[in-house]
Amino acid sequence: MSSEDISALWVTFKLATIVMIVLLLFCTPLAYMLAKGNMRGKRYIQAACNLPMVLPPTVLGFGLLFIMGPYSVVGSTWKSLTGFSLTFSFTGLVIGSLLYSLPFGILPMQAAFEKIDDSLIEAGRALGFSNIQTFFYIVLPNSRGGIAASAALIFAHTVGEFGVALMIGGSIPHQTRVISIAIFEHTESINYEAAAVLSLVLLVVSYISLVFIGKSSSSVLMGRNFAGNNNPKTMRLSYGTVQSTCVRICDQ
């Protein structure tokens, strides 16, 4: 494996890690709002969030290229403030990847939040929880599987992106050249050995991500059975968990 290919691996995993962290922070409250909120126009927000999933990557890439180009308002403002262009830069690549992977961050968490029994949330509020405490001490612990699945999906989806990365970042070695672009270039130059090695890396990462997502999905289903079970013993255990958590918070 050449030094440029190793650099492409580093750029790819750095990009995927940054996108995963940012989207988890952004998508968690948004997914909870979509799952439990009753605001007007929620279906339109949901459709806008899911739009990158159905758009061809070239369409999304062209739109971002037009918006972030040096002659656009956004692009020219950014260049005047920072001195460099958004397009064909790692920063632009991050922005494009954030939009490209947005639905894969929202949907698993939204599904996990929807499975939480509303009676648990009401019980926490009845015991004196604030909205923030309810979210952090009841909602999040019961949604770990969905959050983990979101993280794995975001990471794997970003690692495998091609169209958006090529149109926004190009193929600048050590800056925007990612694994998928490196594989494409090796294939074009008939360097099948190098393409096969990098493809194997992507295959392993994708497989591990799918195994992790499957395990996380099982946790979500178990959480659904637990939260949605009408067995009195299970419900007493659920309320007892909420009450004990409330006592620990009050003692702090």
Less than 6.0 angstrom from the centroid, inside 45 degrees of the normal: does K79 satisfy that with respect to the ring of Y71?
no
T28 side chain to L25 main-chain N or O, any donor-acceptor pair under 3.5 Å?
no
Got M109 and L24 here, is their nearest side-chain heavy-atom distance under 4.5 Å?
yes
Just checking F84: does its CZ atom have more than 12 heavy atoms from other residues, nucleotides or ligands closer to it than 6.0 angstrom?
yes
Measure the shortest side-chain to side-chain distance between L198 and L9 over non-hydrogen atoms and say whether it is less than 4.5 angstrom.
yes
First locate atom CG of L93, then atom CD1 of I172, and finally report the distance between them rounded to the nearest 0.5 Å.
10.0 Å
Side-chain (S7) to main-chain (S3) donor-acceptor, under 3.5 angstrom:
no
Flag the pair L153 / S209 as yes when at least one side-chain heavy-atom distance between them is below 4.5 Å, and no otherwise.
no
Do E114 and L34 pass the side-chain contact (heavy atoms from CB on, under 4.5 Å) test, and can you show the C-alpha distance, the side-chain angles, and the key distance before you say yes or no?
CA-CA 9 Å; E114 288 173 348; L34 292 173; over 6 Å; no
Measure the spacing between CE of M20 and OG of S101 and express it to the nearest 0.5 Å.
11.5 Å
Could you tell me if the side chain of V201 sits less than 4.5 Å from the side chain of F13, heavy atoms only?
yes
Would you mind writing out the side-chain donor-acceptor pairs for residues 45-62 within the sub-3.5 Å range, not counting sequence neighbours?
{"from": "Q46", "atom 1": "OE1", "to": "Q110", "atom 2": "NE2", "distance (Å)": "2.8"}
{"from": "Q46", "atom 1": "NE2", "to": "Q110", "atom 2": "OE1", "distance (Å)": "3.2"}
{"from": "N50", "atom 1": "ND2", "to": "Q46", "atom 2": "O", "distance (Å)": "3.3"}

Strictly by modelled atom types, are S85 and T87 linked by a side-chain donor-acceptor pair under 3.5 Å?
yes
State, with a plain yes or no, whether a side-chain heavy atom of T176 is found less than 4.5 Å away from one of V11.
no
Interatomic distance, I121 atom CD1 to I116 atom CD1 [nearest 0.5 angstrom]
6.0 Å
Spatial distance of atom CD1 (I67) from atom OG (S72) [nearest 0.5 Å]:
8.0 Å
Would you say W78 and T91 make side-chain contact, with heavy atoms under 4.5 Å?
yes
A side-chain contact here means heavy atoms from C-beta on lying under 4.5 Å apart; do D118 and K36 qualify?
yes
Within 6.0 angstrom of I132 CD1, more than 12 heavy atoms from elsewhere:
no
Give every residue pair that meets the side chain to side chain donor-acceptor pair (under 3.5 Å) criterion with at least one member in residues 184-198, sequence neighbours excluded.
D5-H186, S171-E185, R177-E185
Start with the C-alpha distance between K14 and F90, add both sets of side-chain angles, then the distance that settles side-chain contact (heavy atoms from CB on, under 4.5 Å), and finish with yes or no.
CA-CA 10 Å; K14 180 175 70 170; F90 185 76; 3.6 Å; yes
Decide whether I179 and Y100 are clustered together by the hydrophobic rule: side chain heavy atoms of Ile, Leu, Val, Met, Phe, Trp, Tyr closer than 4.5 Å, transitively.
no
S97 and T158: side chain donor to acceptor below 3.5 Å
no
Which heavy atom of P108 sits nearest a heavy atom of A149, and at what distance?
CB-CB, 4.1 Å
Heavy atoms, side chains only, cut-off 4.5 Å: are I168 and F88 in contact?
no
Below 30° counts as parallel, above 60° as perpendicular, anything between as tilted: where do the rings of F113 and F135 land?
tilted
dist S180:OG -> E161:CD (nearest 0.5 Å) comes out at 7.0 Å
Separation between CE of M33 and CG of N38, rounded to the nearest 0.5 Å
11.5 Å
